[in-house]
Amino acid sequence: RYHDMGLIAAFHLPLAMGIPSVQIDPFEWVIAPSLLFEAVSREKGTLSWMPNFAFNLCADKIHDDEITGITLKSWRMVINCSETVRDESHRLFLKRFSKFGLKKEAVSTAYAMAETTFAVSQSLPGEKPLTCQVGGRMFVSSGSPINGCRVKILGAQGKTKSQGPVGEILIKSSSLFKGYRNNSGATRSAMQGGWYHTGDLGFLYQGEIFVTGRKKDLIIVGGNNIFPEDVESAVSRVPGVIPGRVVAFGMEDPELGTEQVCVAAETRAAEAAERQKLESEIIRAGMGADVSIRKVFLVPPRWIIKSSSGKPSRQANKDRIVKQEAIHDIG
C-alpha cells in the first residue's frame with residue numbers, strides 16, 4: 001500500500017514478469033491475518049513478503065478454525081524482509097503452521113530498501129537461512145548480495161571489514177538511487193565515494209549479511225549497547241500489548257549520566273488496575289531479555305508514529321512522549 005516492499009516486489013515485479021498477483025489491504029490483514037493464508041491456499045500462491053512482526057502475529061492470532069481445510073504446500077518462499085530477522089519468529093511460525101503443509105525450507109529472508117530499488121541480498125531458495133550465535137543472541141542471515149550489488153561493513157575508525165565486528169552497512173549497486181529529491185544535504189551524507197551509507201548495523205559472515213539494527217536508534221546504557229528491536233520484540237509478546245505496535249528508545253538520565261530504556265506500547269486496556277498490571281508485565285518481559293526498562297508509556301491504538309515505509313519512527317515517538325511529559329509537568 002505504501003511500502004517499497006509491496007510496490008517493487010509484489011506489484012512492479014509481477015507486472016514485469018507476467019506473474020499473477022493477489023493484493024490484500026494491510027489494514028484488513030491486520031484485523032484478519034487469516035486472509036493471507038486463505039489467498040495462498042485458494043490461488044496456489046508461491047511467493048510472499050512479510051516483515052518480521054507478521055510471522056509472530058500470524059502464529060499468535062490465527063486459530064485453526066479460521067483456516068480449516070487450507071493448504072500451504074504451494075508456498076515456495078515466504079520472505080522475511082524490512083525488519084531485523086529473528087530466529088524465534090521463524091521457529092514459532094513453522095511450529096504453528098507446518099501441519100497445514102508449510103515447508104521449513106519455504107521460510108526465507110532478504111535485505112532490501114527503496115534506495116537500492118529494493119533488493120540487496122536474498123537467502124538461497126529451498127535452503128534454511130544461515131544462523132550465527134553471538135553473545136547469547138541468535139542472528140539470522142539475510143542472504144548473500146544479489147548480482148550487481150556489493151556490501152561492506154564500516155567499523156571503528158572508518159575501517160571496512162569483510163567479516164567479523166558489527167558496523168554500518170555500506171552498499172554499492174547497479175540499481176542504487178541517485179539521491180534524495182530536493183534534499184542535497186541528506187544525499188551528501190548518505191552517498192560517499194559511490195557507497196550508500198544505510199544507517200543499518202550488521203556484520204558479514206561466510207559472505208552473507210546479518211542485520212542487527214539501526215545505527216541511529218542504538219540505546220547505550222552504562223556503556224552497553226542495546227538494540228531497541230530486542231526490547232520491542234519481547235514487549236510485543238506481552239498479552240494486552242498490540243503486537244508490532246511498540247517502540248523502545250533511550251532517554252537521558254542526568255543523575256546517572258547515561259541513557260535509560262523507555263518503551264511506548266499500544267494497548268486497549270482502560271482500567272487503572274489492568275494498566276498497572278500490564279506495566280509490570282512489560283518490565284518483566286524486559287528483564288527476560290536482560291534489559292531494565294525504566295519507564296513504560298501505555299498509549300491507545302494507532303498512537304505510535306510509523307515512517308512512510310511502515311517502520312517505527314523511534315525519534316518521532318520519543319519527541320512526542322517528551323512533549324507530553326513536559327505538558328504534564330507544567331500542568
Side-chain angles (χ1 to χ4, degrees), residues 4-5 8-9 13 46-52 55 76-91 93-94 103-177 190-215 217-218 225 227 229-230 233 311:
D4 50 279
M5 181 168 67
I8 303 298
L13 180 61
T46 58
L47 299 173
S48 297
W49 283 263
M50 302 198 304
N52 189 83
F55 288 79
R76 186 165 62 87
M77 296 176 74
V78 52
I79 303 167
N80 193 333
C81 185
S82 89
E83 287 186 311
T84 302
V85 178
R86 299 187 173 277
D87 183 61
E88 60 266 29
S89 299
H90 286 182
R91 288 189 284 106
F93 191 75
L94 285 167
K103 301 181 290 288
K104 63 180 181 180
E105 61 269 21
V107 175
S108 182
T109 59
Y111 176 47
M113 61 200 68
E115 288 86 349
T116 59
T117 321
F118 195 58
V120 174
S121 65
Q122 171 66 54
S123 61
L124 288 174
E127 294 188 14
K128 182 180 182 293
L130 181 66
T131 56
C132 177
Q133 188 164 353
V134 181
R137 177 179 169 186
M138 185 68 76
F139 292 97
V140 183
S141 166
S142 291
S144 302
I146 64 172
N147 290 337
C149 185
R150 295 165 57 196
V151 174
K152 64 182 180 180
I153 304 298
L154 185 64
Q157 290 82 47
K159 296 180 180 179
T160 58
K161 304 288 183 180
S162 59
Q163 181 162 311
V166 171
E168 184 178 5
I169 300 172
L170 274 57
I171 297 170
K172 183 177 286 188
S173 172
S174 58
S175 61
L176 192 64
F177 79 141
M191 296 294 297
Q192 298 179 29
W195 288 87
Y196 171 55
H197 291 236
T198 65
D200 290 329
L201 293 172
F203 61 93
L204 295 172
Y205 176 66
Q206 294 186 8
E208 299 194 14
I209 304 169
F210 290 75
V211 183
T212 61
R214 287 288 294 171
K215 180 180 178 182
D217 292 329
L218 194 66
N225 294 340
F227 296 108
E229 293 87 354
D230 292 342
S233 177
K311 299 176 182 178

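Along the sequence shown, the residues carry numbers beginning at 1. These values consider heavy atoms only, across backbone and side chains, with no hydrogens, waters or symmetry-generated copies.
In this structure, the separation between CG on Leu204 and NZ on Lys152 is 11.5 Å, given to the nearest 0.5 Å. Atom CG in Asn80 sits 9.5 Å away from atom CZ in Phe93 (nearest 0.5 Å). Atoms CH2 and CG, on Trp195 and Leu154 in that order, are 10.5 Å from each other to the nearest 0.5 Å. We find the CD1-CD1 distance between Ile209 and Ile171 to be 6.5 Å, quoted to the nearest 0.5 Å. To the nearest 0.5 Å, the span separating CE on Met5 from CE on Met50 amounts to 9.0 Å. Between the CE atom of Met113 and the CD1 atom of Ile8 there is a distance of 13.5 Å, given to the nearest 0.5 Å.
Side-chain contact of Ser89 with Asn52: a donor-acceptor pair under 3.5 Å is present, judged by distance alone.
In this structure, Phe139 has its ring center at least 6.0 angstrom away from the ring center of Tyr205.
Side-chain atoms of Arg76 and Leu47, non-hydrogen and from C-beta on, do get closer than 4.5 Å to each other. Val120 is not listed as a side-chain neighbour of Ser173, based on a closest heavy-atom distance of 4.5 Å or more. Residues Phe118 and Cys81 meet the side-chain proximity criterion, which asks for heavy atoms closer than 4.5 Å. For the pair Val151/Ile169, a side-chain contact is recorded, criterion being any heavy-atom separation below 4.5 Å from C-beta on. Taking the side chain as every heavy atom from C-beta outward, Phe177 and Met191 approach each other to under 4.5 Å. In this structure the side chain of Cys132 never reaches within 4.5 angstrom of the side chain of Gln206, judged on heavy atoms. A 4.5 Å side-chain heavy-atom check between Ile153 and Pro165 finds every atom pair outside the cut-off. Side-chain contact check for His197 versus Gln192: some heavy-atom pair is nearer than 4.5 Å.
The minimum heavy-atom distance linking Pro125 with Met77 is given by the pair CB-SD, 3.8 Å. The shortest heavy-atom contact between Thr116 and Ser175 is O-OG, 2.7 Å. Between Gly199 and Glu168, the shortest heavy-atom distance links the atoms N-OE2, 2.9 Å. Of all heavy-atom pairs spanning Ser108 and Ser123, the tightest one is OG-OG, 2.7 Å. Nearest heavy-atom pair across Lys104 and Leu94 is CA-CD2, 3.4 Å. What you find for Pro129 and Ser141 is that their closest heavy atoms are CB-O, 4.0 Å.
The list of salt bridge (charged side-chain N to carboxylate O under 4.0 Å, His left out) pairs with a residue in residues 114-131, not counting sequence neighbours, is empty.
Screening Asp217, Leu218, Thr212, Val211 for a side-chain contact (heavy atoms from CB on, under 4.5 Å) with Arg214, the sole residue that qualifies is Asp217.
Of the possible polar contacts, one joining the Gln122 side chain to the Thr109 backbone as a donor-acceptor pair under 3.5 Å is found.
Between Phe210 and Phe203, the ring planes lie parallel to each other; the angle is under 30°, not in the 30° to 60° tilted range.
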Criterion salt bridge (Lys or Arg N to Asp or Glu O under 4.0 Å) on Lys215 and Asp200, from CA distance to verdict: CA-CA 6 Å; Lys215 180 180 178 182; Asp200 290 329; over 6 Å; no
